[in-house]
Amino acid sequence: MSDSYSLLILPGDGIGPEVMTEVVKVIDWLQANRGLSFDISHGLVGGSSYDAHGTPLTDETMAKAQAVDAVLLGAVGGPKYDDLDFSVKPERGLLRLRKDMDLYANLRPAQCFDALADFSSLKRDVVAGLDILIVRELTSGVYFGEPRGIHADNNSDNEGGRVGINTQRYTSGEIRRVARSAFELARRRNNKVCSMEKANVMESGILWREEVQWVRDNEYPEVELTHMYADNGLMQLVRKPGQFDVILTDNLFGDLLSDAAAMLTGSLGMLPSASLGKPMANGRPKALYEPVHGSAPDIAGQGKANPIACILSFAMALRFSFDQGAAADALERAVEKVLADGVRTADLMGPEGGTPVSTSEMGDRIVAALAQA
Ligand code: IPM
Ligand code: MG
């Protein structure tokens, strides 16, 4: 019997609660059959928190998130909240979690499962076997830089009389720490990092390039480092994705690149993510795990959502927060097996057919495959 791991579950909005229910099945199974023990608490984030408390994240939930071994989040947002003030929009809850927990390294693996290679918008031979990892800086850059805001601007010949401001700002320390995360991860993979910025137009991009190179030269000389302008990088990603191993990039470019990478693999409903910060007292990093997909309000509540991205996010938690690599491997293999057997939620249903299942049936199948492994 191992120690108990504390886990805060924040299902969020839209399909978030449905996919999270399936993760809880996996957790229950691991507790009952693999001797793992989780101390689980639940909370609200995003629109559901706004509905209950008038804020997308309460201070109490924030404090809980700071105290646990890991946070598992579903998704936030929905059209119902479109007209809310910017400061209380669902996304602000997620951004506060990332910022206050200082989760600076966002890991977004994009793996193409063989059973789904035909779902990609690219040809099978371009994406088959694809396995890349995007490391996105998550707590700085234009998402958080000051000054920011919308102000009156009547001093110039400005039709409309307003100005909108955001600031791309990176310190050398912020760049170095996320670069270290990328190099560490590359060491466990194929030892290749490609860093992306816009050093041709942005000073922050020049600094990014110099600092990443500095970390590589001084601390990771065995890792192969290349640099690309982010626009070319995105083009290369859809042209020949297999050339990449780890992609390291800033907050905004990482947002764009990871959506594109997700589509390469065929379904946004498949991709997990981990957001990691500094080590806590127990040596494990502060951590939040969430699927890359959004809250998909158009299909919420219909049993159509694909729970795999959220389940694979929990697999990342097993690996990075709970040191349960074997359980993580087993869970990933169970997902692969179910897909290879042709079990399909609606988003995965292609011309070749398969067994159509609901969100809940997909969870059951994965648990059953886990039990057989
Ligand atoms: C993501 C999302 C978020 C982001 C939104 C929901 C704030 O697009 O995690 O990629 O822009 O970072
Ligand atoms: Mg995004």
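First listed ligand is number 1; within each ligand, the first listed atom is number 1.
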TODO: May I ask you to check whether E137 and T139 show a side-chain donor-acceptor distance below 3.5 Å?
DONE: yes
TODO: Starting from atom 4 (C) of ligand 1, find the nearest protein heavy-atom neighbour and note its residue, name and distance.
DONE: Y143 OH, 3.4 Å
TODO: Report yes or no: does a heavy atom of R98 sit under 4.0 Å from some atom of ligand 1?
DONE: yes
Task: Closest protein heavy atom (residue, atom, distance) for atom 5 (C) of ligand 1 - done: E91 CG, 4.3 Å
Open item on the list: Can you tell me if R136 contacts ligand 1 (heavy atom of the residue under 4.0 Å from the ligand)?
Closed with: yes
Task: 4.5 Å side-chain heavy-atom contact, L97 and L288 - done: yes
- [ ] Would you check if the Mg ion (ligand 2) lies under 2.8 Å from any N, O or S atom of D255?
- [x] yes
TODO: Could you check atom 10 (O) of ligand 1 against the protein and tell me its nearest heavy-atom contact, residue, atom and distance included?
DONE: D255 OD1, 2.8 Å
Open item on the list: By the definition salt bridge (Lys or Arg N to Asp or Glu O under 4.0 Å), identify the one residue from R187, R180, R176, R177 that meets it with E219.
Closed with: R180
Task: K192 NZ/CZ over F244 ring centroid, <6.0 Å and within 45° of normal - done: no
Task: T345 (side chain) donor-acceptor with K304 (main chain) under 3.5 angstrom - done: no
Open item on the list: So for ligand 1, is R108 a polar contact partner (N or O within less than 3.5 Å, distance only)?
Closed with: yes
Task: Greater than 12 external heavy atoms within 6.0 Å of K337's NZ - done: no
- [ ] Please indicate whether any nitrogen or oxygen in D259 is less than 3.5 Å from any nitrogen or oxygen in ligand 1.
- [x] no
Open item on the list: Determine whether the aromatic ring centres of residues F38 and F322 are separated by less than 6.0 angstrom.
Closed with: yes
Task: Min heavy-atom dist H293 to ligand 1 below 4.0 Å - done: no
